Engineer: 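Here it is: the structure, laid out below.
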Amino acid sequence: GERNMISTITLLGQASDAIADHPMFRYIDIESREPFEENSFFSKIPVMYWDRSSSNPLLRIPNGHFVVIFGRLESHPQLGLYVLAEQIRHFSSNLKTK
């Protein structure tokens, strides 16, 4: 049977910290807004790039830079759900609007 009903997922967020004890992973901060409120908060989503080589582009992006990640949901025994990134688009942080 089907193992996972969701085939692809797209994340828009900001590159954030590496994850301790999991050197191939880092967090992507996703800004969320509460319904009917002005307040926003950040969700930290664990992401790993599909290619585990040392030239890993996910790990080279500076913190705070914007990323668009195309990938799929996977499950990790310690981290729970994470996004396995298949494509990454990286934008410098100066795109931020006022």
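In this text, all values refer to a predicted model and were calculated from it rather than measured experimentally. Count residues from 1 along the sequence. The basis for the numbers below is simple: all heavy atoms, side chains too, and nothing from hydrogens, waters or symmetry mates.
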Engineer: Do Leu11 and Val67 make a side-chain contact, defined as non-hydrogen atoms from C-beta onward lying under 4.5 Å apart?
Structural biologist: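 Contact flag for Leu11/Val67 side chains = no.
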Engineer: If every non-hydrogen atom of Pro57 is compared with every non-hydrogen atom of Ile88, which pair is closest and at what distance?
Structural biologist: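 So the minimum-distance heavy-atom pair works out to CG-CD1, 4.5 Å.
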Engineer: Sequence neighbours excluded and cut-off under 3.5 Å, please list the side-chain donor-acceptor pairs for residues 20-30, or say none.
Structural biologist:
| unit_1 | atom_1 | unit_2 | atom_2 | d |
| --- | --- | --- | --- | --- |
| Arg26 | NE | Ser16 | O | 2.9 |
| Arg26 | NH1 | Leu58 | O | 2.7 |
| Arg26 | NH1 | Ile61 | O | 2.7 |
| Arg26 | NH2 | Ser16 | O | 2.9 |
| Arg26 | NH2 | Ile61 | O | 3.1 |
| Arg26 | NH2 | Asn63 | OD1 | 2.6 |
| Asp29 | OD1 | Lys44 | NZ | 2.9 |
| Asp29 | OD2 | Ser16 | OG | 3.3 |

Engineer: Hey, could you give me the CD/CD1 distance between Glu74 and Ile9, rounded to the nearest 0.5 Å?
Structural biologist: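 It comes to 11.0 Å.
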Engineer: Drop me the distance from Ile69's CD1 to His90's NE2, to the nearest 0.5 angstrom.
Structural biologist: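 The CD1 atom of Ile69 sits 11.0 Å away from the NE2 atom of His90.
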Engineer: Would you give the length of the straight line joining atom OG1 of Thr8 to atom CG of Leu84, rounded to the nearest 0.5 angstrom?
Structural biologist: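 These two atoms lie 12.5 Å from each other.
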Engineer: Would you compute the distance between atom CD of Gln78 and atom CD1 of Ile19 and round it to the nearest 0.5 angstrom?
Structural biologist: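 If I round to the nearest 0.5 Å, the distance is 11.5 Å.
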Engineer: Within this structure, what is the CG-CH2 distance for the pair Asn56 and Trp50, rounded to the nearest 0.5 Å?
Structural biologist: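 Going from the CG atom of Asn56 to the CH2 atom of Trp50 covers 10.0 Å.
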Engineer: On a heavy-atom basis, which atom in Ala15 and which in Pro62 lie closest, and how many Å separate them?
Structural biologist: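 In this case the closest contact between Ala15 and Pro62 is CB-O, 3.6 Å.
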Engineer: Working to the nearest 0.5 angstrom, can you tell me the gap between Leu73 CG and Leu81 CG?
Structural biologist: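 Reported value, rounded in 0.5 Å steps: 5.5 Å.
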Engineer: Please report the shortest heavy-atom distance between Gly71 and Val83, naming the atom on each side.
Structural biologist: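 Here Gly71 and Val83 meet closest at CA-CG1, 4.3 Å.
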Engineer: Quick one: closest heavy-atom pair of Tyr49 and Glu86, and the distance?
Structural biologist: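 Closest heavy-atom pair between Tyr49 and Glu86: CE1-O, 4.1 Å.
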